[in-house]
Amino acid sequence: MKVKVEKNNIIVSEVSCLDLDLTLDCGQAFRWERQEDGSYKGVAGGHFLHIAKDGDSLIFYDTDKAVFYSFWVNYFDLNKDYDEICNRLKQDSLLASTIDEYYGIRILNQDSWEALCSFVISQQNNIKRIKLIISRLCKAYGDEVADGWYSFPSAEKLSTLGVEDFEALGTGYRAKYLERLSKSVANGEIDLDYIKSLPLAEAKKELLKIYGVGEKVANCALLFGMQFYSCFPLDVWMKRVMAYYPDGLPRCFDGIEGIAQQYLFHWARQNL
DNA sequence: GTCCAGGCATGCA
DNA sequence: TGCATGCATGGA
C-alpha cells in the first residue's frame, strides 16, 4: 500500500482486490450509498467518508490523515494480502471462475455492535429493505456526523427505546429482539468486546444465547463484526450453493471460509 | 392476489 | 434431537 496526500484527499495505491461495488454493496454492510459517478458515500465508526476509485487508486475525499490510519486502514483491511487469499481459494474450481468474474470482494472490519444489530434486522428480509430500515434507524437515533449523514446509534441510545419505537422503523417482528438486545448491551449483560476476545466456539456459544440470534446471525456477526474469518454463514442463497459441495467445503477454504462464502454468496445472487 | 427475502422462537414428537 | 409453524414488511 502506498499513501500520498493531495490537498484534503488521501490517495491510496498498490492495494489489490478492492472493488467498491463488490465490497460496499454485497450484503455485508448496509450503510454505503452508490453515487452516480460510481463513488460511494457512507458512515462507519462515526466517520463520514466519500470514497472513489481512479484506475487502481483509491481516493479518500476530505479525509484526515490520522483518521485514515487509525480507522479506515483497518476498516478496509488494506494491509491484508488478498491476492494470496484469492490464489489459495482458486484451487477450488467454482471459486476460480467466481473470483475471475467478480474479483475485488473484501471483508470489511465492521463494528461488532453495528454488525450484530444489522444482522438481527436482516433475518427473513431482503437487502434493499434491510438498508431502508437501518437508514431510518440511524437518521432517527444516530448523530449527524456530516450533512445528512448519521452514525449508527449506540446501544446506550437504543436502550431508551420501547418495542413500539423499533416497530415504527419497520423492523416488524424483530422489534422485540432489538429492544432486548439494546438494553442487554447497554447495561453490560452482553459484552461484545469480551465475546470478540474469546475463541470462536465460545464466542458463538455466547452469541447464540441472545434472544433473536440464531446460527446464521451469529455467524454473520462473527465474520463481519468480529473478524472470525473461518465463519461460513448459511442463508437461503448459500444453502443453494451447498448443492455444489456435496462432500463438504474444500481444504483450500480452511481458515478463510468466510471470504470464500462472500464470493459464493455474490455468485449465487447473480446466477441461481 | 401470491411469493420471497443474508431466520428465529416456540411447541411438539 | 429434529421438524412444522407463525411471524412483519414491502417489492416483484
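The sequence lines fix the lettering, A, B, ..., with proteins before strands; numbering per chain opens at 1. Quick caveat: nothing in here was measured; it's all calculated off a predicted structure. Excluded from the calculations below are hydrogen atoms, water molecules and symmetry mates; all remaining heavy atoms, backbone and side chain alike, are included.
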Its dot-bracket string being built from Watson-Crick and G-U pairs below 3.5 Å, with | for another strand and [ ] for crossing, DNA chain C has the pattern |||||||.||||
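A:Asn187 CG: more than 12 foreign heavy atoms inside a 6.0 Å radius.
DNA chain C is contacted by no residue of residues 199-208 of chain A, taking any non-hydrogen atom closer than 4.0 Å. Contacts of residues 254-272 of chain A with DNA chain B (heavy atom under 4.0 Å): A:Gln261, A:Gln262, A:Phe265, A:Arg269.
Between A:Tyr244 and A:Trp267, the angle of the ring planes goes over 60°, which puts this pair in the perpendicular group of the 30/60° scheme.
Looking at A:Ser151 and A:Cys138, their side chains never come closer than 4.5 Å, going by heavy atoms from C-beta outward. Counting heavy atoms from C-beta outward, A:Phe232 and A:Asn219 have side chains that stay 4.5 Å or more apart. Here the side chains of A:Leu49 and A:Trp72 are in contact, with some heavy-atom distance below 4.5 Å. Looking at A:Gln261 and A:Leu223, their side chains come closer than 4.5 Å, going by heavy atoms from C-beta outward. In this structure, A:Leu58 and A:Lys53 have side chains that are in contact, with non-hydrogen atoms separated by less than 4.5 Å.
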Scoring nucleotides 5-12 of chain C by protein non-hydrogen atoms under 4.0 Å (B base, S sugar-phosphate only, - none) yields --BBBB--
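Counting any heavy atom pair closer than 4.0 Å across all strands shown, A:Gly27 reaches a base atom. Nucleic acid contact for A:Phe224: base, since at least one base atom lies under 4.0 Å from a heavy atom of the residue.
The separation between A:Tyr211 atom OH and B:dG7 atom P is 18 Å, rounded to whole Å. Per the geometry, CG belonging to A:Leu116 stands 11 Å off P belonging to B:dC8, to the nearest Å. When the C1' atom of B:dC8 is taken as reference, atom CG of A:Asp235 falls 14 Å away, rounded to whole Å. Distance, A:Ile130 CD1 to B:dC4 P: 17 Å, rounded to whole Å. If you measure from atom NZ of A:Lys131 to atom C1' of B:dA5, you get 15 Å, rounded to the nearest angstrom. Between the CH2 atom of A:Trp237 and the P atom of B:dA5 there is a distance of 6 Å, given to the nearest Å. When rounded to the nearest whole Å, the span between CZ of A:Arg31 and P of B:dG6 equals 19 Å. Whole-Å rounding puts the A:Ile121 CD1 to B:dC8 P distance at 14 Å.
Among residues two or more places apart in sequence or in another chain, the ring pair (Phe, Tyr, Trp, His ring centres under 6.0 Å) test is passed with A:Tyr229 by none.
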Show the atom names and distances, to 0.1 Å, of all donor-acceptor pairs under 3.5 Å that link a side chain in residues 14-31 of chain A to residues at least two apart or in another chain.
residue : atom : partner  : partner atom : Å
A:Ser16 : OG   : A:Asp83  : OD2          : 3.2
A:Asp19 : OD1  : A:Asp21  : N            : 3.0
A:Asp19 : OD1  : A:Leu22  : N            : 2.8
A:Asp21 : OD1  : A:Arg34  : NE           : 2.8
A:Asp21 : OD1  : A:Tyr40  : OH           : 2.5
A:Asp21 : OD2  : A:Arg34  : NH2          : 3.4
A:Thr23 : OG1  : A:Asp19  : O            : 3.0
A:Thr23 : OG1  : A:Gly104 : O            : 2.8
A:Thr23 : OG1  : A:Arg106 : N            : 3.1
A:Asp25 : OD1  : A:Lys131 : NZ           : 3.1
A:Gln28 : OE1  : A:Leu108 : N            : 3.0
A:Gln28 : NE2  : A:Thr23  : O            : 3.1
A:Gln28 : NE2  : A:Arg106 : O            : 2.6
A:Arg31 : NH1  : A:Tyr150 : O            : 2.8
A:Arg31 : NH2  : A:Tyr150 : O            : 2.7

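Under the 4.5 Å side-chain heavy-atom criterion for grouping Ile, Leu, Val, Met, Phe, Trp and Tyr, A:Val43 is not connected to A:Leu132 through any hydrophobic cluster.
When A:Phe60, A:Tyr69, A:Tyr61 are each tested for a side chain to side chain contact (heavy atoms under 4.5 Å, CB included) with A:Ile10, only one passes: A:Phe60.
Using a 4.0 Å cut-off between a side-chain N of Lys or Arg and a carboxylate O of Asp or Glu, A:Glu215 and A:Lys204 qualify as a salt bridge. Looking at A:Lys196 and A:Asp193, no side-chain N of the basic residue comes within less than 4.0 Å of a carboxylate O on the acidic one, giving no salt bridge. With respect to A:Asp254 and A:Arg88, no salt bridge is recorded, no charged nitrogen being found less than 4.0 Å from a carboxylate O.
Remark: the separation of the C1' atoms in B:dG6 and C:dA4 is 22 Å, to the nearest Å.
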